[in-house]
Structure formats: C-alpha cells, structure tokens
Amino acid sequence: MEPMTAHSARALRSQGALAVLRHVHAHPSAKRADAARTLGLSSGSAAEIASRLKASRLVDEEASALTGGRGRPSPALVPHRDGPLVCVVDISHERWRVACVELGGRVVTQEAGGHSGTPDVLGTLAHQVSALHARYGHRLRAVSACVAGTVSATTVVQAAGMGWRDVDLGPLRPPGLPLLVGNDASLAGLAEARRGAGAGARVVLHLTVEVGVGGILVVDGRPVDGATGAGGEFGHMPFGDPSLHCPCGARGCWDLEVDGRAMARALGRPAPRDPRTAAEQVITAAASDPAARSAAGAAAHALGRGIGALANALDPGVVTLSGLATDLAATAPTALENGYTAALMRYRRAAPPPILPSTLGRQGPLTGAADAAFDTLLTEEGLEAWART
C-alpha cells in the first residue's frame, strides 16, 4: 500500500468536512452525534471536523436541551452567524421577492413587491441584489434566480405569462459572483423532493399548474433538467387538442387543457388575460356552480391523464403537486383519479405512484433556488474559495 501523501490526507479531510456541511444544510440543527452516526464517522472525527468548520465560520455548535439521560447531550450543528449566504431572486407573473438565505435554508432577510410584467423590473431587482451585496460583502456567495418561464442558461427564453422572450438576467449578477437561473416549477420540485412531500423517495416527479404545467423529475436529489437547463417543460407535450395553438409555437400542448384557458373554453368564455386568476375563480365557484364544477372537473381529468402518461414514461416513486394542481386535485379528486388510472399501463394500476400535495407551497421555488446555489458552494472548490475570503 502506498503511503498517504499530504495532498490525499487533505482531500480526505475536505471530503469529511463537506459531508458534515452537506448534512447540516439538509438537516438544520442536527445533533453532532446524529451526523456522525449517519455519515459513519467516529465521535472524535466528528468533533474534529466540527471544530475546523467552526474555525472557518461555516458552522457553529449550540448546546442541546438536557434529556435526563446520562452524560452531556450532543451539541447541535447550526449555521455560523458569519457564514455564507446566497441571494435568491424569485420572479413570478405579478410579484417578485429578493431574499438572503443561509446554510440550512433559513431566510435571513427578504423584500417583496409587484411588477407590471415587463423586463423593466430587472432594474429594481438589480438594485435590491446590489444592496444586499454591499450589506453582506464576501458572505454573499451566489445569486440564484427562479422565473415563471422557460430558461436556458441565464436567459428567459419564453415566459408566456409575462410576455417575455429572450430576456437576459445578466443585470442581476454583481461583480465576481456566479448567477444561476432556473424555472420556478423545476426549482420547486427540487425543494419538494429534498425537503417536502417527496423527501425520502429516490425518484420524484413534481408538477405544478399556474399558467400551464411545469415541473421536474428529480432522481437521487438531483434534477434531470436537460442539456441546457430547459428540461421539465411537461406542459408542452402534445397531450391536448392538436387544433389549438400554444404561445410556445407548438400545437396541442397539455398546458392548454389544464389551466384557466381550458376552463374558459369549457364555459364558452373568451381566452382570459390572466389564466391563473381565471382558474382560481372557476375553482372557487365550483362549490356552488355546476358549470364551473364541470369545467374544473374536465381540467382535473386532463391533468390526471397527463400524470399517468408521465408515470408510464418516467417511473417515479411519488408524484408531488403544487400551485393550482393541488386546488384541482382537491376540487375534483374523482375526475383526476379517473384520468390518472385510465392513462396508466395495466401493470401499474395495482400500486400506482402516490400523488401528494406539496408541503412547501409558495415557498418551494425560493427554497429550491437556494438549494441549487448551495449545491455549487458545497464543493471542494467552494470551500477553498470561502477559505480565501
């Protein structure tokens, strides 16, 4: 056996520190003894790694409450008060949020506001990000944006709800910081798989309905987002009427069968300017209006059929729903279930993947965007860069 070199010893120490750091991020306030047990570390190694992470201002330790058992309880590992932060910019159809998030996912500070739907909002958002950069300095390690639209690299290729095409989010990048951009539904799915209703399942399919259908397939905690980051545009699969034109340029998209546009057609109404609000109104009216109940049921049935098709193709262990998808499932559960079962291959019907409502709700996109940013920081390179500051 070759002797261990200084470089290999440092690598092993770095890997141990990374493992503990990732555990703290995934399990905020985890006890040191529990982290050691989960990661297969001796108590001495865990204590030594925790000491180095404290010295690096990455984690701290807090005394755990006395349990009445023998000995002193293991301390809890928590984010250091001077530790790294990421900035999340959340752009939805009519609202925006800018937040700083620490290791473990807690929001440290947040501002929010409305916008008119034009790319002019980027000026306001860039100012918010610059102010946070000035406030937190080197602690701010990355900017992660989530947008209600199709994304490729740092460009919003299309956001039908806002009328955006080929909008570069580069103005959000402060000097020297990386910028990540992701679809809001995909990032919500990442968070749901790691921290929400899908936690513990190896393969999670997440779907949300806002203006159309978005989502992501998450395997072993990693999103399957394609070659350019635009994966998860499930709403543009041709599950709908091929005579209908979609704003994306294709025909017969699933989007057009499940949101406020579909419900307006079913009620003989013109296409709504705001499909999400239109859908909310129909779903609310479904409790007392048979026509609205029928329209919501048809959309729920179309949603279920699409979920069944994706279950056949992707073989998820669990399906999670957020946004208007959860409202449709609650309003017309039988219609959704019938559509889902009818679309499933026969052998899947005995034990189909369960369909679960989101536990993170509207916090999902922000949480997922923060996790995506920390994924780039919780690496050997990320730790080395932090040490240099």
Non-hydrogen atoms of [X] and [Y] that approach each other most closely:
X    : Y    : result
A373 : V86  : CB-CG1, 3.7 Å
A36  : S42  : CB-O, 4.3 Å
R32  : A50  : CD-CB, 4.0 Å
A197 : P357 : CB-O, 3.4 Å
L132 : C87  : CD1-SG, 3.9 Å
A279 : D259 : CB-C, 4.4 Å

Treating [X] as the side-chain partner and [Y] as the backbone partner, does any N or O pair qualify as donor plus acceptor under 3.5 Å?
X    : Y    : value
R293 : A332 : no
S294 : P290 : no
H25  : G104 : yes
D90  : L366 : no
R194 : G221 : yes
S186 : G215 : yes
D60  : P79  : no
T367 : Q363 : yes
R141 : L85  : no
T277 : D274 : no

Are the side chains of [X] and [Y] in touch, meaning some heavy atoms are under 4.5 Å apart?
X    : Y    : result
H23  : V20  : no
R97  : E111 : no
L41  : I49  : yes
L321 : I307 : yes
C100 : L140 : yes
P238 : W254 : no
V218 : V224 : no
L303 : E257 : no

I'd like to know if the side chain of [X] pairs up with that of [Y] as donor and acceptor (distance under 3.5 Å, no hydrogens or angles considered).
X    : Y    : value
T150 : Q158 : no
S322 : S358 : no
T341 : E337 : yes
E192 : T320 : no

For [X], look at atom [atom1] and say whether over 12 heavy atoms of other residues, nucleotides or ligands are found less than 6.0 Å away.
X    : atom1 : answer
R165 : CZ    : no
R269 : CZ    : no
H127 : NE2   : no

Go through it in stages, so that I can follow the logic: the residues are L207 and V213, the test is side chain to side chain contact (heavy atoms under 4.5 Å, CB included), and I'd like the CA-CA distance, side-chain angles, deciding distance and then a yes or no.
CA-CA 7 Å; L207 296 169; V213 188; 4.2 Å; yes
Looking at [atom1] of [X] and [atom2] of [Y], how far apart are the two atoms once the value is rounded to the nearest 0.5 Å?
X    : Y    : atom1 : atom2 : answer
D327 : T284 : CG    : OG1   : 8.0 Å
M162 : E94  : CE    : CD    : 10.5 Å
E48  : R52  : CD    : CZ    : 4.5 Å
N183 : T208 : CG    : OG1   : 9.5 Å
I91  : W164 : CD1   : CH2   : 4.5 Å
H80  : L103 : NE2   : CG    : 12.0 Å

Treating Ile, Leu, Val, Met, Phe, Trp and Tyr as nodes and any side-chain heavy-atom pair under 4.5 angstrom as an edge, say whether [X] and [Y] lie in one connected cluster.
X    : Y    : result
V129 : V181 : yes
L125 : L169 : yes
L360 : I355 : no
V108 : L377 : no
W96  : V88  : no

Would you sort out whether L256 and F239 count as a side chain to side chain contact (heavy atoms under 4.5 Å, CB included), showing the intermediate values?
CA-CA 9 Å; L256 305 177; F239 294 164; over 6 Å; no
Decide, yes or no, whether a salt bridge links [X] with [Y] under the criterion of side-chain N to carboxylate O below 4.0 Å.
X    : Y    : result
R22  : D375 : no
R222 : D220 : no
R251 : D241 : no
R195 : D371 : yes

Between V151 and T155, does a side chain to side chain contact (heavy atoms under 4.5 Å, CB included) hold up when you go through it step by step?
CA-CA 6 Å; V151 170; T155 297; over 6 Å; no
Have a look at S29 and tell me which of V78, L77, V24 forms a side-chain contact (heavy atoms from CB on, under 4.5 Å) with it.
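Of the listed options, the one satisfying the test is V78.
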Please assess L314 against F234 for the test side chain to side chain contact (heavy atoms under 4.5 Å, CB included), listing each intermediate value before the final yes or no.
CA-CA 12 Å; L314 302 176; F234 299 124; 4.2 Å; yes
